[in-house]
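Encoded as structure tokens, the structure appears first; notes follow it.
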There are 2 protein chains.
Amino acid sequence: MHAHAHLARPDLAATAHEALLAGFTLRELPKGYLLSTPESPHNQVLMVHSGRLRVYLAGDNRELNLSFLEAGDIYTTHTPTYVEAVVPSSIWLIDTPTFARKLATDPSVTPAMMRVMGRLLSNAVGLIEDLAFREVPARLARFLWQLAERRGHRLEHGWLVPLDFSMQDIASLLGTTRQSVSSLINQWEREGVLQRQSRRSLLVPSLDSLKARSSPVP
Amino acid sequence: MHAHAHLARPDLAATAHEALLAGFTLRELPKGYLLSTPESPHNQVLMVHSGRLRVYLAGDNRELNLSFLEAGDIYTTHTPTYVEAVVPSSIWLIDTPTFARKLATDPSVTPAMMRVMGRLLSNAVGLIEDLAFREVPARLARFLWQLAERRGHRLEHGWLVPLDFSMQDIASLLGTTRQSVSSLINQWEREGVLQRQSRRSLLVPSLDSLKARSSPVP
DNA sequence: TGCTGTCCGTCGGCTGGCCGACGTTTTGGC
DNA sequence: GCCAAAACGTCGGCCAGCCGACGGACAGCA
């Protein structure tokens with residue numbers, strides 16, 4: 001549930017892959033390419049074929065990541081955000097008017113699309129809850145155990161969690177700063193809540209200790 | 001644009017009123033009635049016929065209003081929020097599965113529905129931007145001048161703005177506290193940015209002074 | 001014309017966490 | 001391998017704004 005790590009998962013791909021993709025054009029994006037900004041006039045619908053896109057808001061010398069999109073994820077720029085390729089990526093693209101015509105003629109696509117938008121909404125609401133109600137440690141703890149549940153592998157000694165985000169990435173995802181994330185993780189390591197394996201993965205002995213830290217001020 | 005005061009305006013009503021409402025049932029809600037909570041299993045689509053509903057999130061001894069819905073507004077409980085009637089209200093109701101069948105058979109409703117969800121999303125994103133990037137005075141200033149533009153009446157000496165929210169309502173809408181809102185408004189009154197007419201309305205000599213205060217840290 | 005409940009104004013203490021700064025470690029390109 | 005660039009760790013100052021508290025103002029309502 002919730003969590004900013006992924007606004008939209010397979011769904012559409014599963015339900016209506018071929019039918020849906022007719023009309024889309026495949027497009028290659030170089031690393032760092034800015035696909036869309038709040039000012040760009042064109043609304044479009046996209047599905048990631050490969051690579052990684054970052055969806056974010058930008059404020060005064062500060063950025064907030066709404067989501068990272070990966071293969072199979074779907075997004076629509078109905079909403080005023082930036083979308084940027086963080087690695088070379090390829091995506092299926094279509095502009096909204098064309099897509100709307102498609103919806104009108106082929107109503108079978110509608111429910112899938114509604115699900116996607118519903119998911120986007122839920123995640124936005126989840127982020128609002130985080131920002132309004134939870135403090136930074138709680139947000140981070142929740143982020144980590146959700147990551148563990150979704151991406152982690154069960155070992156004898158706990159969960160091995162791949163962590164392919166920089167601390168800056170995580171901070172922006174949670175609406176906090178690099179420093180705060182860094183301090184917290186190191187503190188938790190000292191407390192035995194987690195261990196760093198490599199730079200790019202964590203070992204979490206028990207998810208419970210994380211869950212305990214993910215509720216509003218205990 | 002944006003602003004939490006109204007997540008969804010007429011739209012649907014204008015485009016497909018009768019066609020749309022077929023299948024909906026009219027329902028009377030007493031004051032204080034809790035129509036839906038994050039835990040309630042049933043998703044539904046509603047349109048306000050009369051009265052006033054409050055859409056909000058609840059955290060530990062704290063609430064955040066996402067929106068107040070009034071006549072003509074549309075909402076869908078796709079997303080885990082509380083919906084409560086703050087005055088006796090009557091609404092058109094339908095559950096999502098039924099509505100989905102409707103969409104499937106009558107694709108003409110789809111674009112309107114997409115617009116509604118798009119609007120919900122935009123507003124959610126707007127609130128996220130507020131919480132993440134703007135400080136309390138900026139949020140309040142923006143709220144007030146948007147209210148003035150939407151609801152205010154032009155007079156010789158400025159704008160007369162009806163204010164049918166308590167300070168607590170406004171605070172919850174902006175993600176801050178009653179005290180902060182109260183202090184700011186009184187401070188601005190001393191500075192001549194606004195004057196209180198009655199308890200339920202403001203006089204704003206010039207919207208510019210508000211707009212000036214609504215940008216991130218000047 | 002009192003009584004009770006809701007709303008508003010203001011004050012001061014307290015603190016989460018932002019920010020700048022600076023040194024260290026890791027990574028990746030060539 | 002080497003070196004620049006990126007990423008990480010840690011510390012302390014600082015402040016927006018939350019929180020509790022308390023008193024006044026303005027309803028209804030009998």
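Note on naming: letters A, B, ... go to the chains in the order of the sequence lines (proteins, then strands), and numbering restarts at 1 for each one. As a basis for the values below, the full set of heavy atoms in this structure was taken, side chains included, without hydrogen atoms, waters or symmetry mates.
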Within this structure, what is the CD-to-P distance between A/Gln179 and C/dC22, rounded to whole angstrom?
14 Å
A/Ser166 near the nucleic acid: base, sugar-phosphate alone, or nothing, with a heavy-atom cut-off under 4.0 Å?
sugar-phosphate
Between A/Arg200 and A/Asn61, name the one whose nearest nucleotide on DNA chain C is closer to the 5' end.
A/Asn61
Using distance only, find each side-chain donor-acceptor pair of residues 152-162 of chain B under 3.5 Å and give its atom names and separation, not counting sequence neighbours.
none

Grab the CZ-P distance between B/Arg178 and C/dG9 for me, whole Å please.
9 Å
Every protein N/O within reach of nucleotides 12-18 of chain C N/O, cut-off under 3.5 Å:
unit_1 : atom_1 : unit_2   : atom_2 : d
C/dG17 : OP1    : A/Val136 : N      : 3.0
C/dC18 : OP2    : A/Thr176 : OG1    : 2.6
C/dC18 : OP2    : A/Thr177 : N      : 3.1
C/dC18 : OP2    : A/Thr177 : OG1    : 3.0
C/dC18 : OP2    : A/Ser180 : OG     : 3.2

Does B/Phe165 have B/Arg151 sitting over its ring (NZ/CZ under 6.0 Å from centre, angle to axis within 45°)?
no
Quick one: bend of the helix from C/dT1-D/dA30 to C/dC30-D/dG1 from 5 pairs per end, to 10°?
60°
Tabulate below the donor-acceptor pairs under 3.5 Å that side-chain atoms of residues 24-36 of chain B make, not counting sequence neighbours, or state none.
unit_1  : atom_1 : unit_2  : atom_2 : d
B/Arg27 : NH2    : B/Tyr33 : OH     : 2.9

Are A/Trp188 and A/Leu210 packed together at the side-chain level, in the sense that at least one heavy-atom pair is separated by less than 4.5 angstrom?
yes
Can you sort out which residues in residues 192-199 of chain A have a heavy atom within less than 4.0 Å of DNA chain D? Ascending by number, please.
A/Arg196, A/Arg199
Quick one: are B/Thr76 and B/Leu120 in side-chain contact, heavy atoms under 4.5 Å?
yes
Passing option when A/Leu174 is tested against A/Arg142, A/Arg139, A/Arg134 for side-chain contact (heavy atoms from CB on, under 4.5 Å)
A/Arg139
With a 4.5 Å limit on heavy-atom distance, are the side chains of A/Pro137 and A/Leu184 in contact?
yes
Taking C-beta and beyond as the side chain, do B/Thr96 and A/Met114 meet within less than 4.5 Å on heavy atoms?
no
Distance, rounded to the nearest Å, where B/Asp169 contributes CG and C/dT6 contributes P:
14 Å
Would you say B/Leu207 and B/Glu149 make side-chain contact, with heavy atoms under 4.5 Å?
yes
Between CE of A/Met167 and P of C/dT27 the distance, given in whole Å, is 13 Å
For residues A/Asn186 and A/Arg190, determine if any side-chain heavy atom of one lies less than 4.5 Å from a side-chain heavy atom of the other.
yes
Ion pair present between B/Glu135 and B/Arg213, side-chain N to carboxylate O less than 4.0 angstrom?
no
Segment of DNA chain D, first to last nucleotide, that comes within the 4.0 Å heavy-atom reach of chain A:
D/dC8 to D/dT10
For A/Glu63, is there an ion pair with A/Arg178 - N to carboxylate O distance below 4.0 angstrom?
no
Between A/Ser183 and A/Ser180, is the side-chain hydrogen bond (donor to acceptor under 3.5 Å, both in side chains) condition met? List the steps.
CA-CA 5 Å; A/Ser183 307; A/Ser180 298; over 6 Å; no
Distance in angstrom units between A/Asp164 CG and C/dT27 C1', rounded
16 Å
